[in-house]
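Structure first, commentary second.
Everything quoted here is computed from the prediction, not taken from an experiment.
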Amino acid sequence: MPPQRKNRDFGWLLIVCAGLLPLVLGILCTAIEARHTVSQQQISTANSLLTQAEKMSDNAWDMITQLRQYHYQPCAKIEDQLQRAGTLNAYFRSVGLLSGENISCSSAFGLVHGTLTQMMMQPPPITGKAWWSLSIRGTYGVPNRPAVVFVRQLPDSTGFWAVIDGQYLMDFMHAIGESRGYQMSMRFSGGAPITSGPADIEPELYLKSEPYQAESSRYPISVNVTVPASELLKAWRQALFIFLPMAAIFSILLMVLTANWLRRRISWADEIRRAMRSRQFSVHYQPVYSTEIERCKGAEALLRWQLPNGEMIRPDIFISHAESEGIIVQLTQHLLDLMAEDIQGWQVEPGFHIGLNVAAEHLQHADFVQDIQRFARRIKDKQMVVTLELTERSLIDDGELVARKLRYLQSHGMKVAIDDFGTGHCSLSYLLTFPLDYLKIDRGFINAIEGLEVETPVLDAIINLCHKLKLDVLGEGVETSLQYDYLRQRGVVLIQGYYYARPMDNDRLRAWLNEQGRQPLLVEESHEPELRHS
């Protein structure tokens, strides 16, 4: 598949993924939010059930407290009062007194005697407590409807009891859970469950029912609320209905932004290739002055890009894009061709230096040595010295291989330098790894010069290091006579900057070389700042 087709396919895939991202995240977030909403509803429902059960328990224990006034009184005397108490107070099915395990009096049956076991239709629990309650399936009088029994036993084996009809609890559960299809159950002291809602909840799609259990902090009451999957799905749909319009807007916006980013990213490589074909690139040259021979000793080649409308693209922009998009080698090869064409018209003395920046990608490329040698052959008749300036914008992975290439080119008369020394992340490692001829001190250190009497420790350290390593030094960005004098007094013999000459195109450089290239530098103050991008 052609690279351009691959890039297009990858771009469309990335745009689609960008569009789907808000939707996928929204679906996940709304699912989490729906589950949280349903969980809060469960908690609220369970708390409501517990509150109602506690209220009914409070009434039952209050009733038992009231029954103490009938203690030791014959049933015939208190029967009417018991019936009135059981009838006028809400929730109660019956109330009565105990004598041991026997029911001595009942609001429902009066003098008809029976046992607590017969009334509950099951043995009383063995709790070891004087106070206890228990949910049961039914009572002797109403066997098919659940109830809750409350018992208070005194030390003399007498006691009191009250039965709350479970229908009240079932009605309450039905009222708060019917609309949502909740399955609810309640137990007192682990007794028979009092339930409401569907008996079985079928799972829906990939969702499952979510049970929630809570217990009262006051009484031995536990409730269980199970939410059907349909309720969770309903909450999810409601959240999606609210979220989807906003997600669609974000999705479209993200797709547009991604498409614009891809268009800019992909078009840089295409635009640079078109610019090379239409010869929009040109080379400007900035002369280098030598204090030893007191005239121009060479020039650095600087690539420039001017659009057909006259607009200039900054070198730091198009070079960084060329590096990131993998066409810096092609751009450097184009630079070498442009330089070779320009140099054919120069009239310079043998040994004139011509410098150019080489990127790490080109240094490690298989055609690097061949490209440089081809360029050297094209300008061989000018007897110039080619200087390869290593930049620190990107890391050189295989340092030993690059070092062998540079030593080979040095053996054929070329020079090697580090450009903008001290600003990158690998300057010192370059000193140890590569065969160097000189360093170019970055203009940031030169700007630190404030007076001949004031030292700049970092700049002086770099200059001294170069002298100890027997490397020549070139000061970049020299703009004033003060900076020039400071560097010259410290043994810096090569000067480059606006103080000596600005970068100029090929035609202007040829005229400048004929008029000023062989003349010594006149020391005078210049206050114009340098705005160079190399």
Side-chain angles (χ1 to χ4, degrees), residues 3 268-269 272-273 275-277 281-283 285 298-305 315-316 318-344 352-421 423-440 471 474 534:
W268 270 110
I272 291 175
R273 291 189 183 95
M276 289 190 289
R277 288 194 298 268
F281 287 101
S282 62
V283 187
Y285 302 89
E300 178 185 4
L302 307 171
L303 190 61
R304 295 292 184 262
W305 182 5
D316 61 325
F318 70 77
I319 289 177
S320 63
H321 280 290
E323 290 177 335
S324 64
E325 300 188 30
I327 60 169
I328 189 63
V329 173
Q330 300 175 42
L331 190 60
T332 305
Q333 292 169 343
H334 185 64
L335 169 64
L336 293 172
D337 290 337
L338 295 175
M339 291 173 60
E341 294 174 8
D342 291 344
I343 291 173
Q344 298 304 319
F352 188 88
H353 287 233
I354 182 67
L356 72 149
N357 290 85
V358 287
E361 290 84 350
H362 197 192
L363 285 167
Q364 298 169 112
H365 196 271
D367 296 336
F368 170 67
V369 173
Q370 182 180 350
D371 291 340
I372 301 301
Q373 287 183 318
R374 185 186 301 113
F375 169 72
R377 286 194 298 269
R378 293 181 64 180
I379 64 171
K380 183 178 180 180
D381 60 318
K382 300 299 180 179
Q383 300 182 41
M384 302 175 71
V385 176
V386 177
T387 300
L388 306 175
E389 300 179 6
L390 311 185
T391 63
E392 300 179 277
R393 284 188 292 267
S394 55
L395 182 65
I396 297 176
D397 295 326
D398 195 344
E400 185 55 37
L401 175 62
V402 172
R404 287 198 298 269
K405 293 180 180 180
L406 295 177
R407 280 191 288 267
Y408 175 80
L409 294 175
Q410 279 181 321
S411 67
H412 287 73
M414 300 182 191
K415 301 288 186 181
V416 179
I418 295 181
D419 191 23
D420 298 331
F421 181 79
T423 61
H425 58 277
C426 46
S427 298
L428 295 179
S429 65
Y430 277 16
L431 291 177
L432 297 173
T433 306
F434 304 123
L436 302 175
D437 296 291
Y438 66 90
L439 303 182
K440 300 182 70 173
L471 299 176
L474 185 151
S534 59

Open item on the list: A side-chain contact here means heavy atoms from C-beta on lying under 4.5 Å apart; do Leu335 and Phe375 qualify?
Closed with: no

Task: CD on Gln330 to CD on Glu361, rounded to 0.5 Å - done: 12.5 Å

- [ ] Rounded to the nearest 0.5 Å, what's the gap from CD1 on Ile372 to CG on Leu336? Could you check?
- [x] 5.0 Å

Task: Sub-4.5 Å side-chain heavy-atom contact between Tyr438 and Glu389 - done: yes

Task: Under 3.5 Å donor-acceptor, Gln410 side chain and Pro435 backbone - done: yes

Open item on the list: If I compare all heavy atoms of Ala299 with all of Tyr285, which pair ends up nearest, and what's the gap?
Closed with: CB-CB, 4.2 Å

Open item on the list: Looking at Lys405 and Leu363, would you say the former's side chain and the latter's main chain have a donor-acceptor pair under 3.5 Å?
Closed with: yes

Open item on the list: Could you work out, with ring pair (Phe, Tyr, Trp, His ring centres under 6.0 Å) as the rule, every residue matching Phe352, not counting sequence neighbours?
Closed with: none

TODO: Using a 4.5 Å cut-off on heavy atoms from C-beta on, say whether the side chain of Leu390 contacts that of Val358.
DONE: yes

Open item on the list: Could you check whether any side-chain heavy atom of Leu303 comes within less than 4.5 Å of a side-chain heavy atom of Leu338, counting everything from C-beta outward?
Closed with: yes

Task: Euclidean distance, Asp437 CG relative to Leu406 CG, rounded to 0.5 Å - done: 10.0 Å

Open item on the list: In the structure I gave you, are the side-chain heavy atoms of Ile379 and Val386 within less than 4.5 Å of one another anywhere?
Closed with: yes

Open item on the list: Can you tell me how far apart NZ (Lys440) and CG (Asp420) are? Round to the nearest 0.5 Å.
Closed with: 7.5 Å

- [ ] Please name the pair of heavy atoms, one in Ala301 and one in Asn357, separated by the smallest distance, quoted to 0.1 Å.
- [x] O-OD1, 4.5 Å

Task: Contact check, side chains of Leu409 and Gln373, non-hydrogen atoms, under 4.5 Å - done: yes

- [ ] Side-chain contact test, heavy atoms from C-beta onward, threshold under 4.5 Å: evaluate it for Gln364 versus Val402 and give yes or no.
- [x] yes

Task: By ring pair (Phe, Tyr, Trp, His ring centres under 6.0 Å) - contacts of His362 (at least two apart) - done: Phe368

Task: Nearest non-hydrogen partners of Arg378 and Glu341, listed with the distance - done: NH2-CG, 4.0 Å

Open item on the list: Which heavy atom of Ile272 sits nearest to which heavy atom of Phe281, and what is that distance?
Closed with: O-CE1, 3.8 Å

Open item on the list: For Ala417 versus Thr387, what's the shortest heavy-atom pair and its separation?
Closed with: CB-CG2, 4.2 Å

Open item on the list: How long is the straight-line distance from CG of Leu474 back to CD of Glu300, given to the nearest 0.5 Å?
Closed with: 8.5 Å

Task: Nearest-0.5 Å distance that lies between atom CZ in Arg374 and atom CD in Gln333 - done: 7.0 Å

Open item on the list: Restricting to non-hydrogen atoms, name the atom on Ser324 and the atom on His321 that form the minimum distance, rounded to 0.1 Å.
Closed with: OG-O, 3.1 Å

Open item on the list: With a 3.5 Å distance limit and no angle check, can you tell me whether Lys382 reaches the backbone of Gln344 through a side-chain donor-acceptor pair?
Closed with: yes

Task: Side chains of Leu388 and Leu356 in contact at under 4.5 Å (non-hydrogen atoms) - done: yes

